[in-house]
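Each remark here refers to the structure printed beneath this line.
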Amino acid sequence: MNVRVRLYMIKPILIFLVFSFSLLHSQAVSVSATKTNAEEMISLDSNTQDPESFWFMTDEVLSESTIESFTESNFSNRSWKRVLVPGSLYKNKGDYSTKKTVFLAKWIVFPENRNIQFSLRLGVINDRDKTYLNGKKIGETGVWNSLEPQAYDKLRIYRVPSDLIQYGKKNLLLIQIQPYFGNSGGIEQDETILGPSEKIYSRFYKDEFIKLLFLTIYSTVGGYFLFLFIRRRKDKENLFFALFSYSFVIYNFLRNQLKYEFEFPFLEMKKLEYMVILLLIPFMYHFLRTLFKERYSIWGKSLDALQLGFFLFFAFTHNIETFSLLLTNFVQPTWLAYVVLIFIILSRNLKKKERRAFYITIGLTIVLIAAIIDTATNRNYWVFPRIMGYTFLVFNISLAIILANSFVKLNEEVEDLNKNLEKKVEERTDALNESLLQLQILKEKQDGDYFLTSLLIQPLARIENQIQEIKIDTYVDQKKKFQFRGKEGEIGGDICIVGTIHLESGAYTVFANGDAMGKSIQGAGGALVLGVVFQAVLSRAKSSYTKSRPPELWLKDLYVELQSVFVSFDGSMLSSVVLGMVSKNGFVYYIKCRTSMEHSL
């Protein structure tokens with residue numbers, strides 16, 4: 001793939017990123033503090049270029065009567081200081097609260113339209129709050145002075161009763177906040193807006209349902225990879241990506257404001273959130289490790305063991321402050337080690353010019369940047385919308401490109417097979433015919449060798465009994481049968497030989513029933529050697545020395561000669577044989593032995 005094609009494939013990803021960031025900030029741009037149209041939403045956020053937009057904060061204890069008695073004239077009697085909202089009220093360690101109550105205040109002017117129901121969007125408040133307008137409570141969230149967290153990531157929206165609004169005058173918005181964590185508190189994220197209730201809620205649900213739409217897409221992708229794993233169990237990378245996708249969906253759903261619609265216990269939701277986030281990076285590491293067939297290193301095993309320890313600790317602990325401390329100071333640093341392992345895997349495969357590694361590196365880099373931004377947002381380093389849920393789509397697009405390339409390649413191979421199938425079949429048939437012809441030629445040569453060997457064995461395996469009083473029958477059935485030029489034959493290591501010798505003590509019928517080691521040609525070779533030696537000994541039996549030997553010694557000499565011949569083959573040729581001599585009166589001498597091995601008489 002050349003550079004032009006690669007840039008063409010990256011272009012949609014860049015367009016998507018621009019669209020995502022535009023979507024995140026489109027509403028914020030449309031909200032302006034200078035607009036006074038009753039149907040428009042008015043931003044209450046602080047603006048560093050406009051001192052009048054600042055909020056005021058005090059940590060003095062204000063009673064209910066004091067809150068109700070505030071006016072523009074006596075407001076400055078308290079020790080207020082200007083703060084930026086949204087944002088954490090405790091930027092420096094010296095400002096850290098010990099969970100004490102603070103008050104935020106802002107003077108606002110309502111558009112003069114009594115027919116509109118107004119609402120306040122007050123952003124994400126840590127942790128519990130009581131909100132007042134002109135000294136009257138208009139909403140609250142959480143159980144005051146509770147030892148457990150209440151809703152420190154919940155976005156607050158309160159309707160404003162029309163009878164509390166002072167049209168044409170400044171209205172005092174006062175928010176009493178009790179933080180849960182000692183190092184953060186206030187309206188930490190999102191934005192503060194005054195506007196018609198219909199538009200406030202419409203925009204809120206629109207934003208949250210768009211996030212749910214993305215999560216639905218990710219769930220579908222996870223289900224697809226899970227289906228691939230079920231159909232092909234050995235491709236474990238599909239299982240790990242499915243687990244990563246579902247963990248990502250669960251985590252982002254627990255960050256979605258619509259979770260409060262289900263009225264789940266807040267503590268249990270946060271506990272599950274902390275447990276699920278531990279799984280994301282390890283699942284991504286194992287997905288890439290199995291995708292590129294990388295070795296499971298000792299570093300990966302150590303990191304997994306550490307994450308498992310944190311997971312079990314979170315499962316049996318209920319202290320959210322401990323969770324936050326461990327996640328911030330211990331767990332997240334281990335993710336850097338995972339990131340190093342991941343990019344080592346990608347760099348190795350980029351050096352191999354692996355196309356999949358190229359696409360995944362692009363998508364993963366964008367997701368990693370989004371994760372860093374979201375982590376900084378969670379730590380209140382800045383106020384910025386969470387973008388991880390949107391940019392993860394880029395990673396899915398990179399995987400979609402990989403799958404598309406795989407499908408296109410497979411389709412091209414199928415099309416090539418369809419076009420050239422007949423030709424390939426002919427070529428394969430010709431190759432098989434050629435191989436069959438070669439086999440037939442070799443078979444014919446082999447059968448010729450068998451036939452020649454059988455011709456050599458036949459005169460050696462003679463049955464020549466000259467003593468009429470003795471009748472001998474033999475039967476030989478070799479395992480290997482063959483045909484050569486219309487003639488049938490058989491070959492093997494079995495052999496029966498019968499002959500007659502005349503000693504001074506009388507005439508004897510000599511026999512040998514042998515079985516040489518091996519099948520076919522190897523056994524036939526042993527039978528051939530046995531036959532040659534046996535016939536040679538019979539021929540020498542006419543000498544005067546041989547005739548003078550007693551029958552038992554002559555039979556032993558026969559065995560010794562056979563043994564000496566077979567021993568010369570150094571164990572590569574063996575033979576089991578029964579040697580015997582029968583006299584006219586039926587007396588039998590015999591030896592049962594194995595040549596070139598130990599023998600028994």
Side-chain angles (χ1 to χ4, degrees), residues 443-503 507-543 545-547 549 551 554-569 572-583 588-596:
K443 178 71 167 53
E444 185 175 3
K445 291 181 178 180
Q446 186 182 58
D447 290 343
D449 294 337
Y450 289 165
F451 183 72
L452 177 60
T453 303
S454 66
L455 292 180
L456 296 175
I457 292 177
Q458 286 178 7
L460 298 175
R462 295 194 300 268
I463 307 299
E464 297 180 344
N465 178 27
Q466 298 177 2
I467 302 177
Q468 296 179 355
E469 291 83 358
I470 300 174
K471 182 179 181 181
I472 295 179
D473 294 324
T474 63
Y475 175 77
V476 177
D477 185 15
Q478 306 285 8
K479 184 175 181 180
K480 178 64 179 178
K481 308 290 192 300
F482 63 90
Q483 287 185 344
F484 180 72
R485 296 183 182 179
K487 298 179 180 180
E488 295 184 355
E490 61 180 13
I491 191 174
D494 297 324
I495 187 172
C496 289
I497 309 172
V498 178
T500 304
I501 61 171
H502 297 275
L503 303 178
Y508 295 88
T509 297
V510 184
F511 63 88
N513 184 5
D515 182 11
M517 178 188 72
K519 306 295 182 183
S520 302
I521 196 68
Q522 183 183 11
L528 190 63
V529 172
L530 178 61
V532 170
V533 175
F534 191 88
Q535 293 296 340
V537 173
L538 289 181
S539 298
R540 291 202 307 272
K542 298 176 182 180
S543 66
Y545 170 77
T546 302
K547 287 184 178 182
R549 300 284 285 175
W554 188 92
L555 191 61
K556 180 181 179 182
D557 292 340
L558 173 61
Y559 163 71
V560 171
E561 188 157 352
L562 285 171
Q563 174 71 4
S564 63
V565 172
F566 276 91
V567 165
S568 64
F569 290 100
S572 62
M573 185 176 291
L574 303 175
S575 179
S576 299
V577 62
V578 176
L579 302 174
M581 299 175 63
V582 185
S583 64
V588 178
Y589 303 86
Y590 72 94
I591 297 176
K592 194 177 171 186
C593 60
R594 175 173 293 180
T595 56
S596 81

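What you are looking at is a predicted structure, and each value in this text was computed from that prediction instead of being measured.
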Working to the nearest 0.5 Å, report the span between CD1 of I591 and CE of M581. 10.0 Å

To the closest 0.5 Å, what do you measure between CD (Q563) and NZ (K556)? 12.0 Å

Quick one: closest heavy-atom pair of L579 and F534, and the distance? CD2-CE1, 4.2 Å

Just verifying a value: how many Å separate D473 CG and C496 SG, rounded to the nearest 0.5 Å? 11.0 Å

Would E490 and D477 count as a side chain to side chain contact (heavy atoms under 4.5 Å, CB included) if you check the C-alpha gap in whole Å, the side-chain angles of each, and the deciding distance to 0.1 Å? CA-CA 8 Å; E490 61 180 13; D477 185 15; 3.6 Å; yes

Grab the two heavy atoms, one from V577 and one from A512, that are nearest each other, plus how far apart they are. CG2-CB, 4.4 Å

Using only atom types and a distance under 3.5 Å, with no angle test, would you say the side chain of T500 pairs donor to acceptor with the backbone of Q466? yes

Worked check of side chain to side chain contact (heavy atoms under 4.5 Å, CB included) between W554 and Y508: CA-CA 11 Å; W554 188 92; Y508 295 88; over 6 Å; no

Report the distance from atom OG of S575 to atom CZ of F569, rounding to the nearest 0.5 Å. 11.0 Å

Using side-chain heavy atoms (C-beta onward) and a distance below 4.5 Å, is R549 in contact with I501? no

Closest non-hydrogen atom pair, G492 against Q478: CA-OE1, 3.1 Å

Quick one: closest heavy-atom pair of S583 and I470, and the distance? O-CD1, 3.5 Å

Counting only heavy atoms not in E469, do more than 12 sit closer than 6.0 Å to its CD atom? yes

Begin from the C-alpha positions of D557 and R540 and carry the test side chain to side chain contact (heavy atoms under 4.5 Å, CB included) through to its verdict. CA-CA 12 Å; D557 292 340; R540 291 202 307 272; over 6 Å; no

Provide the closest heavy-atom pair for T453 versus A524 in the form atom of the first, atom of the second, distance. CG2-CB, 3.6 Å

Taking every heavy atom of A527 against every heavy atom of G493, the minimum-distance pair comes out as CB-O, 3.8 Å

Residue pair L558 / L555, side-chain heavy-atom distance below 4.5 Å: yes

Please walk me through it: do V476 and I495 pass side chain to side chain contact (heavy atoms under 4.5 Å, CB included)? CA-CA 7 Å; V476 177; I495 187 172; over 6 Å; no

Heavy atoms of other groups near K481 NZ, more than 12 under 6.0 Å: yes

